[in-house]
Amino acid sequence: MTHETIQQKLFALYDGPLSERERKLVEGHLTQCPECRKAIAQWKSVSARLFPSQTFSEASEDFFVAKVMDRVRSSALDAGKSAWGWVLRWALPLVGSAVLAGWAFFSVLPDTGLYSAPSADAAFSSYSSYASASGNGIMQASYSPDEIAP
Amino acid sequence: MRQYHKKVMGYCLSMLQNHTEAEEAAQDIFVKAYRSLPKFKGNSTFSTWLYRITTNHCLDVLRKRNRRKTYSLDALVEEEGDAIHRLFSSNPVAAAQMENRDLAGKILSTLPEDYRIILTLREADGLEYQEIAETLDCSLDAVKGRLSRARKQLQENLRHFLRENDVYEEE
Ligand SMILES: [Zn+2]
């Protein structure tokens, strides 16, 4: 085999997967060809510096595993909490402001005489039923804590 | 989990080149994997699946890291030429030190993303061609070709430093 064809196999040998026959050929060539030896040596030198092997102590692995499990557990809890947190933070104020807006809208308009509105009371009840319906929608869309908690 | 900790952490370190960020990323990856475990169908090996999550996550981190400079070769050589020279003329064991990891990260950032990924999978994690092909969802020939081009380009980028280093070569 020539130097050119060997060169293509050179890194296959370095990386591992070569048939027995090919391995012998490449190794045989390497003993006679300084250029190929140099190519492999140079790559080894690059790899050793840019991809140094890592060692991790058992203690750091223990710490890592504990930390991950902690996060898995607390994220399950958080998912439950955040569903309720979301309802409290957004849905309640939304319902509240819808009710207020409805009340303001219908209590002002009748005074102008341009629009014969239903009474403020009726408006309030229709708005609050609309708002609570949308509120329910939100709650259904979010996860209930029971579903998420382990 | 222990069995995979070293692999994932090694991969993250090579991709991110920063211990704190790598540790954080590795945690995120395991939490993510744990949660999507029900989605793991078993049509790839578990480690391939985990490597895919890891690759995507590291790429996300790299993309979000806007402050991180991707170095042009010229800028890097000008700024860090002496340091790179020291790195390549010193004992390889010193490369694991943090300041050298940082430098290694800068050197690797001169490569296109897919070259960096494939080199990391092969060199840092020791994946076989078949495993790389499954992780990156490409053919064996594509793996061999890309790996060879990536090595060539990296050596080409480092040519000034490697030539001087010829004497050191065999450890
Ligand atoms: Zn040769």
Side-chain angles (χ1 to χ4, degrees), chain A residues 4 6-19 22 30-31 34-80 143 147-150, chain B residues 1-2 5-6 8-10 13-14 17 19 22-23 26-31 33-35 84 87-88 90-97 100-101 103-105 107-108 119-120 122-130 132 140 143-144 147-148 151 154-155 158 161-163 165-166 168-171:
Chain A
E4 279 69 34
I6 289 286
Q7 280 211 312
Q8 291 163 8
K9 301 270 174 210
L10 212 51
F11 279 92
L13 175 70
Y14 168 78
D15 289 331
L18 267 192
S19 71
E22 283 180 314
L30 270 176
T31 59
E35 203 179 319
C36 282
R37 277 206 303 277
K38 193 179 135 190
I40 283 289
Q42 194 174 65
W43 178 255
K44 279 185 183 166
S45 163
V46 170
S47 176
R49 286 170 178 86
L50 297 188
F51 304 98
S53 64
Q54 293 297 319
T55 49
F56 302 102
S57 67
E58 222 164 278
S60 77
E61 284 187 6
D62 287 346
F63 179 77
F64 183 85
V65 172
K67 196 99 185 182
V68 168
M69 292 321 290
D70 230 41
R71 281 185 54 188
V72 168
R73 263 180 241 119
S74 72
S75 73
L77 281 176
D78 275 357
Y143 298 102
E147 276 171 47
I148 293 292
Chain B
M1 193 194 298
R2 257 161 246 274
H5 165 254
K6 194 180 165 190
V8 169
M9 191 61 194
L13 253 177
S14 290
Q17 302 289 347
H19 198 277
E23 173 103 24
Q27 277 185 28
D28 291 344
I29 287 156
F30 275 98
V31 171
Y34 199 90
R35 281 200 209 132
I84 299 173
L87 176 66
F88 278 91
S90 67
N91 190 305
V93 177
Q97 289 162 7
N100 283 334
R101 305 266 0 188
L103 185 58
I107 295 171
L108 290 173
L119 283 174
T120 305
R122 176 60 218 142
E123 298 292 335
D125 279 354
L127 261 63
E128 287 172 11
Y129 292 167
Q130 184 61 43
I132 298 176
L140 269 181
V143 169
K144 289 179 199 165
L147 199 48
S148 145
R151 281 174 168 146
L154 182 56
Q155 282 176 301
L158 289 167
F161 306 98
L162 295 177
R163 206 172 290 143
N165 193 44
D166 281 353
Y168 194 83
E169 286 320 288
E170 233 8 77
E171 49 265 48

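Chain letters run A, B, ... following the sequence lines, proteins first, then strands; residues in each count from 1.
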*Asks:* Measure B:Gln130 against the heavy atoms of chain A and call it side chain, backbone, both or neither at under 4.5 Å.
*Replies:* neither
*Asks:* Given that the side chain runs from C-beta out, which part of B:Leu13 has a heavy atom under 4.5 Å from chain A: side chain, backbone, both or neither?
*Replies:* side chain
*Asks:* Measuring from A:Lys38:NZ to A:Leu30:CG, what's the distance to the nearest 0.5 Å?
*Replies:* 14.5 Å
*Asks:* State whether B:Glu123 and A:Lys44 are salt-bridged, where the test is any N-O pair (Lys NZ or Arg NE/NH1/NH2 against Asp/Glu carboxylate O) under 4.0 Å.
*Replies:* no
*Asks:* What part of B:Ser148 is in contact with chain A, defined as an atom under 4.5 angstrom from a non-hydrogen atom: side chain, backbone, both or neither?
*Replies:* neither
*Asks:* With chain B as the partner, which of A:Lys67, A:Met69, A:Glu61 has the greatest number of non-hydrogen pairs under 4.5 Å?
*Replies:* A:Glu61
*Asks:* For atom OH of B:Tyr34, decide whether the heavy atoms of other residues, nucleotides or ligands shown that lie under 6.0 angstrom number more than 12.
*Replies:* no
*Asks:* Determine the option with the most heavy-atom pairs under 4.5 angstrom with chain A, choosing from B:Leu103, B:Leu119, B:Asn100.
*Replies:* B:Leu119
*Asks:* Can you sort out the partners of A:Phe64 under ring-ring contact (aromatic ring centres under 6.0 Å, His included), two or more places apart, ordered by chain and number?
*Replies:* B:His5, B:Phe30
*Asks:* Counting heavy-atom pairs closer than 4.5 Å to chain A, which one of B:Met9, B:Arg122, B:Lys6 comes out on top?
*Replies:* B:Arg122
*Asks:* With chain A, which of B:Val93, B:Ile107, B:Leu87 has the greatest number of heavy-atom pairs at distances under 4.5 Å?
*Replies:* B:Leu87
*Asks:* Can you sort out the partners of A:Thr31 under side-chain contact (heavy atoms from CB on, under 4.5 Å), two or more places apart, ordered by chain and number?
*Replies:* none
*Asks:* Check B:Arg151 with A:Asp15, please: is the shortest side-chain N to carboxylate O separation under 4.0 Å?
*Replies:* yes
*Asks:* Counting only heavy atoms closer than 4.5 Å, note whether B:Asp125 contacts chain A via side chain, backbone, both or neither.
*Replies:* neither
